[in-house]
Amino acid sequence: GLVSQLKLDPETCARFFTQVEDSYERYPVVKYHNNVHGADVLHGVNVLLNTSVLQHAFSDIEVLSALIAAAVHDANHPGRSSAFVIKTRHPLAILYNDMSVLENHHASTAFRLMDADGCDMLSTFDGTERSII
C-alpha cells in the first residue's frame, strides 16, 4: 500500500491524522465544517482515487498529496465564511491580509500540525519530495 510504497511510518501517520481530526471543531459547535465533514471529504477523495479510471493516473506521492489535502482542507475552520471573517476584522483576516484567509489558515494549520512532535509523516522525504506535497 501507500504507506509501504512511500516508506511512511504508520504510527507517525496515525498521529498526524489524529491531530488533523482534533483540529476540526465538533458538531454542533460548527454545524458543517466539522470533523465529520473533514472525514467525509477524505473518504470521498480516497474512493475516487481508487476507481478504475483514476487508480493508475497518479503517482504515489500525488495520491498522498491529495489525501492530505482532503483531510486538511477545512482544518481548524472557525465556522464562518471568509467574507464574514474579513468584514468582522477577525485576527485571521488581519494575519492573512484579507487574502484567501481561510484557505491560507487551513494550509498553515496542516503544516503546523505536521511540525508537532511525532507528527511529521514526511520526515523521510527529501526536499524535492516534500515540495511536491
Side-chain angles (χ1 to χ4, degrees):
L2 197 60
V3 170
S4 60
Q5 288 291 93
L6 293 174
K7 298 178 177 70
L8 301 171
D9 177 56
E11 291 179 17
T12 303
C13 292
R15 278 191 296 275
F16 172 70
F17 284 109
T18 297
Q19 291 295 315
V20 170
E21 182 180 16
D22 288 347
S23 76
Y24 281 87
E25 290 289 346
R26 303 301 194 257
Y27 181 87
V29 175
V30 172
K31 301 222 182 307
Y32 183 74
H33 294 103
N34 55 45
N35 63 318
V36 175
H37 169 70
D40 182 48
V41 171
L42 174 58
H43 179 259
V45 168
N46 186 53
V47 168
L48 288 172
L49 290 172
N50 282 289
T51 61
S52 59
V53 174
L54 296 179
Q55 195 168 24
H56 302 290
F58 302 104
S59 69
D60 289 341
I61 199 163
E62 290 170 327
V63 169
L64 178 64
S65 297
L67 294 172
I68 291 171
V72 305
H73 82 282
D74 277 334
N76 199 238
H77 199 290
R80 303 287 185 184
S81 69
S82 284
F84 180 87
V85 169
I86 291 166
K87 284 181 184 176
T88 60
R89 304 210 22 88
H90 188 281
L92 290 175
I94 295 166
L95 177 65
Y96 296 112
N97 199 30
D98 297 345
M99 302 294 292
S100 304
V101 174
L102 294 180
E103 293 79 2
N104 281 311
H105 177 61
H106 303 318
S108 174
T109 296
F111 288 113
R112 275 188 282 112
L113 292 173
M114 201 171 286
D115 280 345
D117 284 344
C119 292
D120 186 2
M121 61 185 282
L122 308 179
S123 63
T124 60
F125 286 20
D126 64 29
T128 302
E129 292 168 324
R130 284 183 85 93
S131 70
I132 292 170
I133 303 284

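Note that the structure is a prediction, hence the values are computed from the model and not measured.
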Over all heavy atoms of both residues, which pair between Y24 and N34 is shortest? Give the atoms and the distance, please.
CD2-O, 3.3 Å
Report the distance from atom CG of L64 to atom CD of Q5, rounding to the nearest 0.5 Å.
12.5 Å
D126 side chain to T128 main-chain N or O, any donor-acceptor pair under 3.5 Å?
yes
Among all residues two or more places apart in sequence or in another chain, which pass the side chain to side chain donor-acceptor pair (under 3.5 Å) test with E21?
N35
Can you list everything that forms a side chain to side chain donor-acceptor pair (under 3.5 Å) with D120? Sequence neighbours excluded, please.
R130
Separation between CD (E129) and CG (L122), nearest 0.5 Å, reads 9.5 Å
Mind checking the CG-CG spacing from L2 to N46? Nearest 0.5 Å is all I need.
9.0 Å
Heavy-atom pair with the smallest gap, counting every atom of G1 and S4:
O-OG, 3.0 Å
Could you give the distance from CD1 (I68) to CZ (F16), rounded to the nearest 0.5 Å?
5.5 Å
Between CD on residue E62 and CG on residue L67, distance to nearest 0.5 Å:
12.0 Å
Quick one: CG on L102 to OG on S81, what's the gap to the nearest 0.5 Å?
7.5 Å
Are the side chains of F125 and L8 in contact, using a 4.5 Å heavy-atom criterion?
yes
I need the full list of salt bridge (Lys or Arg N to Asp or Glu O under 4.0 Å) pairs touching residues 24-35, with sequence neighbours left out, sorted by first then second residue.
D22-R26
Exercise: identify the closest heavy-atom pair between A75 and T109:
CB-CG2, 3.9 Å
Checking T18 against R15: is there a side-chain donor and acceptor pair closer than 3.5 Å?
no
L95-F111 co-clustered via ILVMFWY side chain contacts under 4.5 Å
no
Report the residues that fulfil side chain to side chain donor-acceptor pair (under 3.5 Å) with D98, sequence neighbours left out, ordered by chain and then residue number.
none
Determine whether M121 and F17 make a side-chain contact, defined as any pair of heavy atoms from C-beta on separated by less than 4.5 Å.
yes
Restricting to pairs with a member in residues 58-82, which pass ring pair (Phe, Tyr, Trp, His ring centres under 6.0 Å), not counting sequence neighbours?
H33-H77, H37-H73, H77-H106
For a quick test of reading the model, state the closest non-hydrogen atom pair linking A66 to L49 and the distance between them.
CB-CD1, 3.9 Å
same_hphob_cluster(V45, V53) at 4.5 Å side-chain heavy-atom cutoff:
yes
Single-linkage hydrophobic cluster I61~L42, side-chain heavy atoms < 4.5 angstrom
yes
Heavy-atom nearest pair, L113 first then V20, reads CD1-CA, 3.8 Å
Hey, any chance I132 and V3 share a hydrophobic cluster, counting ILVMFWY side chains that come within less than 4.5 Å of each other, even indirectly?
yes
Counting only N and O atoms by type, is there a donor-acceptor contact under 3.5 Å from the side chain of N104 to the main-chain atoms of M99?
yes
Take S123 and T12 through the test side chain to side chain contact (heavy atoms under 4.5 Å, CB included) and record every step on the way to the result.
CA-CA 9 Å; S123 63; T12 303; 5.7 Å; no
So the salt bridge (Lys or Arg N to Asp or Glu O under 4.0 Å) pairs with at least one residue in residues 78-93 (sequence neighbours excluded) are none
